[in-house]
Undergrad: 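Have a look at this one before I ask anything.
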Amino acid sequence: METLHVDLGGRSYPIWIGPGLLRDSARWRALIRGRHVLVVSNSTVAPLYLDTLAQGLDGLRWSSFLLEDGEAHKTFANVGRVLEALGELGATRDACVIALGGGVVGDLAGFAAACWMRGIDFIQVPTTLLSMVDSSVGGKTGVNLPVGKNLAGAFHQPRAVVSDIAVLDTLPQREYRAGMAEIVKGAAIGDPAFFAWLEANADALAAREQAPLIEAIARKCAYKAGVVSRDETEQGERALLNLGHTFGHAIETAGHYRELLHGEAVAIGMVLAARLSARLGMSSDEDTGRLVALLQRLGLPTEPSKAHAPGRLLELMRLDKKNSAGTQRLILWRGIGKAEIVSNVPDDDVLGVLQ
Ligand code: NAD
Ligand code: GLY
């Protein structure tokens, strides 16, 4: 098992990564301060893992709230329902929310925990690879609005992240690959040695071998934990974690969120960001080639669908949350492990890589 820490002074918390942690309740139960626990999960994950988790809640006053499965259910209305469930439980200020599921469950449950009595404890129990390496770490919580993804939310750090990698045995292959994209992203942004390690271990990771998988999760979490410790509320460096996202979100939106998983869109987005960086003379085609080759070995897509017109994608990119009024800000790179924020990228160059 690996243990890491997100260092935020009095709000610091552990990330545990290893097989069998759901059953190892002595470890995480000690963090539950009061008597009330609400487990938030969904209709796919709960039948698989809620009973195992619940064995560790014996003696506490607990109940569960299950979402329907899917991004479409990450809504304000469901936050309201979770708050009502906390009310029915009689949850006091020392109550704890446990998020058992992927990023959808974690983002929504964390936001509900941030709202109940202006903020109670929550524990992340991520069950997808993407949520283990990205969404469970760093305290970004929230829901989608009809006008856009993740537009309502709060920074609210968990008390712990409990990543039981045994639960990945039931994760569909496509979801596993999407999580791999977020691991590659961390290395591509800021850790060239990790990138080289991923190249050396890509086949073992694609085959889901346990030891390299734990190491990959831990290295990505360690990288993200460092960034979050230095810039919790995204005043600067944390924005780099969005490498590939501006392109990726545009591609996801153009496909009405049905064509691609988020991680797949990020994979394509990173390649487009790398190509744009090379076009602007910031990086080499060789580094783009290494990125493409690694993503492909991990089974990820690297080209956008030809069905989306470049002009439409550019229009969608302008709506990105990272833009300040009137300027297009993009995360680009100066080669593997060296991402940076670039403002005022000419539209012609963006269109050039979308074509
Ligand atoms: P998800 O939560 O929709 O899970 C993907 C699918 O896998 C779902 O169908 C889910 O029911 C299923 N599943 C989960 N665990 C399983 C398991 N162990 N076995 C079998 N099936 C399982 O998607 P995701 O990729 O985990 O997360 C995506 C969400 O995370 C998006 O809403 C995105 O906005 C958010 N996100 C947040 C952050 C953040 O910093 N807060 C970062 C990245 C992504
Ligand atoms: N997923 C980007 C962040 O946590 O900041």
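The chain is numbered in sequence order, starting from 1. Read the numbers this way: they start at 1 and go in the same order the structure lists the ligands and their atoms.
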Undergrad: Between Arg174 and ligand 1, which residue portion shows a heavy-atom distance shorter than 4.0 Å: side chain, backbone, both, or neither?
TA: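 Under 4.0 Å from ligand 1, Arg174 contributes no heavy atoms.
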Undergrad: Do any N/O atoms on Tyr49 end up under 3.5 angstrom from N/O atoms on ligand 1?
TA: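 No; the residue has no nitrogen or oxygen that sits under 3.5 Å from a nitrogen or oxygen of the ligand.
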Undergrad: Does at least one non-hydrogen atom of Arg238 fall below 4.0 angstrom from an atom of ligand 1?
TA: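 The answer is no: ligand 1 sits nowhere under 4.0 Å from a heavy atom of Arg238.
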Undergrad: Which residue owns the protein heavy atom closest to atom 1 (P) of ligand 1, what's the atom, and how far is it?
TA: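 For this ligand atom, the closest protein heavy atom is Val104 CG2, 4.0 Å.
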Undergrad: Salt bridge check, Arg318 against Glu315: does any charged N sit closer than 4.0 Å to a carboxylate O?
TA: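 A salt bridge is absent here (no side-chain N lies under 4.0 Å from a carboxylate O).
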Undergrad: Do Leu48 and ligand 1 have an N or O pair less than 3.5 Å apart?
TA: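 No, there is no polar N/O contact under 3.5 Å.
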Undergrad: Going by the order shown, which atoms of ligand 2 are within less than 4.0 Å of some heavy atom of Asp134?
TA: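 Contacts of ligand 2 toward Asp134, numbered from 1: 1 (N).
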Undergrad: Select the closest option to atom 18 (N) of ligand 1 among Val167, Thr141, Leu171, Val45, judged by heavy-atom distance.
TA: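 Nearest heavy atom to atom 18 (N) of ligand 1 lies in Val167.
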Undergrad: Give the atoms of ligand 1, by number and element, whose distance to some non-hydrogen atom of Asp69 is under 4.0 Å.
TA: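 Checking each atom against Asp69, I get 8 (C), 9 (O), 10 (C), 11 (O).
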Undergrad: Identify, for atom 30 (O) of ligand 1, the protein heavy atom at the shortest distance, and state residue, atom and that distance.
TA: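 Result for atom 30 (O) of ligand 1: Gly103 CA, 3.3 Å.
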Undergrad: More than 12 heavy atoms of other residues, nucleotides or ligands under 6.0 Å from CZ of Arg93: yes or no?
TA: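 Counting neighbours around CZ of Arg93, more than 12 heavy atoms of other residues, nucleotides or ligands fall under 6.0 Å, so yes.
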Undergrad: Please say which of Arg238, Lys140, Arg11 ends up in a side chain to side chain donor-acceptor pair (under 3.5 Å) with Glu232.
TA: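 Single pass found, and it is Arg11.
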Undergrad: Below 4.0 angstrom from a heavy atom of Lys224, which ligand 1 atoms are there? Numbered from 1 as shown, please.
TA: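 Selected atoms, number and element: 40 (O).
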Undergrad: Any nitrogen or oxygen of Thr127 lying under 3.5 Å from a nitrogen or oxygen in ligand 1? Just yes or no.
TA: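 Among all N and O atoms of Thr127, at least one is under 3.5 Å from an N or O of ligand 1.
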Undergrad: Would you say ligand 2 has an N or O under 3.5 Å from any N or O of Lys185?
TA: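 Between Lys185 and ligand 2 (N or O atoms, distance only) the closest approach is not under 3.5 Å.
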Undergrad: Under 4.0 Å from a heavy atom of Ser135: which atoms of ligand 1 are those, numbered in the order shown and with their elements?
TA: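 Listed by number with element: 36 (N), 37 (C), 38 (C), 39 (C), 40 (O), 41 (N), 42 (C), 43 (C), 44 (C).
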Undergrad: Out of Ile165, Thr128, Asn144, whose heavy atom is nearest to atom 7 (O) of ligand 1?
TA: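 Comparing heavy atoms across Ile165, Thr128, Asn144, the nearest one to atom 7 (O) of ligand 1 lies in Thr128.
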Undergrad: Considering only NZ, NE, NH1 and NH2 on the basic side and carboxylate oxygens on the acidic side, decide whether Arg177 and Glu264 come within less than 4.0 Å.
TA: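 No, no charged N to carboxylate O under 4.0 Å.
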Undergrad: Could you check whether any side-chain heavy atom of Val6 comes within less than 4.5 Å of a side-chain heavy atom of Ser229, counting everything from C-beta outward?
TA: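 Yes, their side chains come closer than 4.5 Å.
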Undergrad: May I ask you to check whether Leu130 has an N/O atom sitting below 3.5 Å from an N/O atom of ligand 1?
TA: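 Checking ligand 1 against Leu130, no N or O pair falls under 3.5 Å apart.
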Undergrad: Where is the nearest protein heavy atom to atom 35 (C) of ligand 1: which residue, which atom, and how far?
TA: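 Here the closest protein heavy atom is Asp107 OD2, 3.4 Å.
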Undergrad: Please say which of Thr288, Asp348, Asp349, Asp285 ends up in a side chain to side chain donor-acceptor pair (under 3.5 Å) with Arg279.
TA: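 So the option named by the test is Asp349.
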Undergrad: Using a 4.0 Å cut-off to any heavy atom of Asp134, which atoms of ligand 1 qualify?
TA: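 Per the distance check, 42 (C), 43 (C).
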Undergrad: Should the proximity of Thr44 to ligand 1, defined as any heavy atom under 4.0 Å, be assigned to the side chain, the backbone, both, or neither?
TA: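 It is the side chain that gets close, since no backbone atom is under 4.0 Å.
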Undergrad: Find all atoms of ligand 1 within a distance of less than 4.0 Å from any non-hydrogen atom belonging to Asn42, and give their numbers and elements.
TA: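 Selected atoms, number and element: 10 (C), 11 (O).
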Undergrad: Taking only heavy atoms of Glu175, which atoms of ligand 1 are found under 4.0 Å from at least one of them?
TA: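 Answer for ligand 1: 5 (C), 6 (C).
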Undergrad: Is there at least one pair of N or O atoms, one from Lys140 and one from ligand 1, spaced under 3.5 Å apart?
TA: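 Between Lys140 and ligand 1, an N or O pair is found under 3.5 Å apart.
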Undergrad: Which residue and atom name correspond to the protein heavy atom nearest atom 5 (O) of ligand 2, and how close is it?
TA: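 So the nearest neighbour among protein heavy atoms is Arg238 NE, 2.7 Å.
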Undergrad: In this structure, does ligand 2 have an atom that sits under 4.0 Å from one of the heavy atoms of Lys224?
TA: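 Yes; Lys224 lies near enough to ligand 2 that a heavy-atom distance drops under 4.0 Å.
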Undergrad: Number the atoms of ligand 1 from 1 as they appear, then name those within less than 4.0 Å of a heavy atom of Lys149, with their elements.
TA: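 In order of numbering, the contacting atoms are 33 (C), 34 (O).
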Undergrad: Would you say atom 12 (C) of ligand 1 makes contact with the protein, given that contact here means a non-hydrogen protein atom less than 4.0 Å away?
TA: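 No, there is no protein heavy atom closer to it than 4.0 Å.
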Undergrad: Could you point out which residue of Val162, Val39, Val37 forms a side-chain contact (heavy atoms from CB on, under 4.5 Å) with Leu53?
TA: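 The option that passes is Val39.
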Undergrad: Hey, which of Thr246, Leu243, Val342 is the one that makes side-chain contact (heavy atoms from CB on, under 4.5 Å) with Ile331?
TA: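 Exactly one candidate clears the test, Leu243.
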Undergrad: Under 4.0 Å from any heavy atom of Asn150, which atoms of ligand 1 are there?
TA: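 Those atoms are 34 (O).
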Undergrad: Give the residue and atom name of whichever protein heavy atom lies nearest to atom 20 (C) of ligand 1, and the separation in Å to one decimal.
TA: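 Looking only at protein heavy atoms, the one closest to atom 20 (C) of ligand 1 is Thr170 O, 3.1 Å.
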Undergrad: Given the side-chain rings of His5 and Tyr13, with only the six-membered ring counted for Trp, is the space between their centroids under 6.0 Å?
TA: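 No, the ring centres sit 6.0 Å or more apart.
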